[in-house]
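Since this is a predicted model, take the numbers as computed values, not measurements. Naming: A, B, ... by sequence-line order, numbering from 1 per chain.
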Number of protein chains: 2
Amino acid sequence: MAEPLTDAEQLCWRAFVESSWALHTRLEDELRATTGLSMSDYHVMVVLSEVPAHRLRMGELANRLVFSPSRLTYQINSMVKRGLVRKQSCPDDGRGQEAVLTDTGLAQLAAAAPAHLSTVRESFIDHLDAAELDVIARVFTKIRKAG
Amino acid sequence: MAEPLTDAEQLCWRAFVESSWALHTRLEDELRATTGLSMSDYHVMVVLSEVPAHRLRMGELANRLVFSPSRLTYQINSMVKRGLVRKQSCPDDGRGQEAVLTDTGLAQLAAAAPAHLSTVRESFIDHLDAAELDVIARVFTKIRKAG
């Protein structure tokens with residue numbers, strides 16, 4: 001049984017969970033309204049756009065996104081239908097599968113990025129000073145590694 | 001057109017968005033697996049459990065949750081079907097509607113809370129020192145007010 005949260009912990013948790021949840025909702029709603037993409041689509045495309053040849057093994061992609069295998073399969077199949085990614089056998093062993101960002105996917109990411117970035121600035125980044133940016137970066141990197 | 005993010009801003013944003021998204025996914029998956037509740041259900045019940053008589057006008061509840069009216073209506077109707085909340089006319093003006101937490105809802109919240117709290121501790125709170133708790137509380141309170 002976990003210890004109850006102290007007042008300071010409670011304050012921190014509630015501020016974080018409510019605010020980050022509202023922010024995710026806003027980003028998702030705006031992205032869908034302007035581009036038809038979900039945040040999951042967007043994250044998959046960002047990750048693939050940053051790796052060599054824009055491709056990654058499904059297992060590695062699931063790790064990066066912290067998705068279960070079944071959640072990732074569902075997500076990627078949906079993106080394949082919309083032409084944003086394709087699946088191919090891994091060149092090294094021929095057994096595993098890779099997800100590859102298509103030219104259409106890359107173009108849609110490039111088209112979606114500026115408006116998404118504006119919202120990120122307006123609703124988050126522009127409210128933080130240099131010290132706060134550092135603390136947030138450090139804390140969430142630590143949490144991610146522990147998770 | 002928004003300024004591109006600096007390196008420090010980019011580092012902060014990516015750490016936050018990826019880590020908080022993974023955390024929400026984990027909390028949602030664990031909550032669903034152990035209780036059948038979604039994070040939205042849970043948040044609605046927490047908010048209602050903390051107000052007098054466990055009831056709130058729909059508009060005020062939407063504000064607190066940063067939900068659009070249509071999203072809230074969908075959410076509340078789903079919870080009404082499961083007996084977690086009920087809807088009633090506002091006593092003051094008889095026109096607006098309120099959402100009221102039922103005894104079943106309160107009992108399910110109480111049953112769900114300990115395991116949820118353990119995950120919150122393990123995956124977030126226990127990694128932060130006192131100074132970090134303060135910065136996170138301050139930053140996300142500020143973001144929430146600006147949103």
Side-chain angles (χ1 to χ4, degrees), chain A residues 1-6 8-27 29 39-40 43 46-47 64-68 71 114-115 117-128 130-147, chain B residues 1-6 8-27 29 39-40 43 46-47 64-68 71 114-115 117-128 130-147:
Chain A
M1 182 84 177
E3 292 270 308
L5 299 182
T6 65
E9 288 169 344
Q10 172 81 0
L11 200 67
C12 171
W13 173 249
R14 288 292 289 271
F16 162 71
V17 75
E18 292 177 6
S19 176
S20 62
W21 196 50
L23 187 54
H24 282 274
T25 303
R26 179 176 169 189
L27 287 167
D29 287 352
M39 282 286 279
S40 295
H43 277 276
V46 167
V47 169
R64 299 262 194 119
L65 297 163
V66 201
F67 269 29
S68 67
R71 189 190 282 256
L117 178 63
S118 283
T119 307
V120 166
R121 269 216 169 284
E122 217 172 86
S123 59
F124 190 76
I125 290 294
D126 287 350
H127 300 282
L128 309 189
E132 290 167 341
L133 282 173
D134 282 354
V135 173
I136 301 283
R138 187 178 71 228
V139 162
F140 286 94
T141 302
K142 185 162 68 170
I143 302 258
R144 179 63 182 274
K145 283 189 183 141
Chain B
M1 179 85 176
E3 292 270 307
L5 299 181
T6 64
E9 289 169 344
Q10 172 80 2
L11 199 67
C12 172
W13 173 249
R14 289 291 290 271
F16 163 71
V17 76
E18 294 178 3
S19 175
S20 61
W21 196 51
L23 187 54
H24 281 274
T25 304
R26 178 175 170 191
L27 288 168
D29 287 352
M39 281 286 280
S40 294
H43 278 275
V46 167
V47 169
R64 299 261 194 122
L65 297 164
V66 201
F67 270 27
S68 66
R71 189 190 281 257
L117 178 63
S118 283
T119 308
V120 167
R121 270 218 167 283
E122 217 172 86
S123 58
F124 190 76
I125 289 294
D126 287 352
H127 301 281
L128 308 189
E132 290 167 341
L133 282 173
D134 282 354
V135 173
I136 301 284
R138 187 179 70 229
V139 162
F140 286 94
T141 302
K142 183 162 67 171
I143 302 264
R144 178 63 181 273
K145 283 189 184 141

Report all side-chain donor-acceptor pairs from residues 132-141 of chain A shorter than 3.5 Å, counting only partners two or more places apart or in another chain.
from: A:Glu132; atom 1: OE1; to: A:Asp129; atom 2: N; distance (Å): 3.0
from: A:Glu132; atom 1: OE1; to: B:Lys142; atom 2: NZ; distance (Å): 2.8
from: A:Glu132; atom 1: OE2; to: B:Arg138; atom 2: NE; distance (Å): 3.2
from: A:Glu132; atom 1: OE2; to: B:Arg138; atom 2: NH2; distance (Å): 3.0
from: A:Glu132; atom 1: OE2; to: B:Lys142; atom 2: NZ; distance (Å): 3.1
from: A:Arg138; atom 1: NE; to: B:Glu132; atom 2: OE2; distance (Å): 3.2
from: A:Arg138; atom 1: NH2; to: B:Glu132; atom 2: OE2; distance (Å): 3.0
from: A:Thr141; atom 1: OG1; to: A:Ala137; atom 2: O; distance (Å): 2.6

4.5 Å side-chain heavy-atom contact, B:Phe16 and A:Leu23: yes
All salt bridge (Lys or Arg N to Asp or Glu O under 4.0 Å) counterparts of A:Glu122, not counting sequence neighbours: A:Arg26
Partner chain B: residue of A:Ala115, A:Ala131, A:Ser40, A:Ala8 with the largest heavy-atom pair count (under 4.5 Å): A:Ser40
Heavy-atom pairs under 4.5 Å with chain B, option from A:Thr25, A:Leu27, A:Val120 with the top count: A:Val120
Best-contacting candidate, B:Ser68, B:Cys12, B:Ser20, against chain A by heavy atom pairs under 4.5 angstrom: B:Cys12
Heavy-atom pair count under 4.5 Å with chain A, highest-scoring of B:Leu11, B:Leu117, B:Asp126: B:Leu117
Approximate separation, where rounding is to 0.5 Å, of [X] [atom1] and [Y] [atom2]:
| X | Y | atom1 | atom2 | answer |
| --- | --- | --- | --- | --- |
| B:Glu18 | A:His43 | CD | NE2 | 7.0 Å |
| A:His24 | B:His24 | NE2 | NE2 | 5.0 Å |
| A:Lys145 | B:His127 | NZ | NE2 | 13.0 Å |
| B:Arg71 | A:Asp29 | CZ | CG | 4.5 Å |

Residue pair A:Pro4 / B:Arg121: nearest heavy atoms and the distance that separates them: O-NH2, 3.1 Å
Minimal non-hydrogen separation, B:Ile143 against A:Ser123, with atom names: CG2-O, 3.3 Å
Which portion of B:Leu5 sits near chain A, non-hydrogen atoms under 4.5 angstrom: both
Step-by-step side chain to side chain contact (heavy atoms under 4.5 Å, CB included) determination, B:Met39 to A:Val17: CA-CA 10 Å; B:Met39 281 286 280; A:Val17 75; 4.2 Å; yes
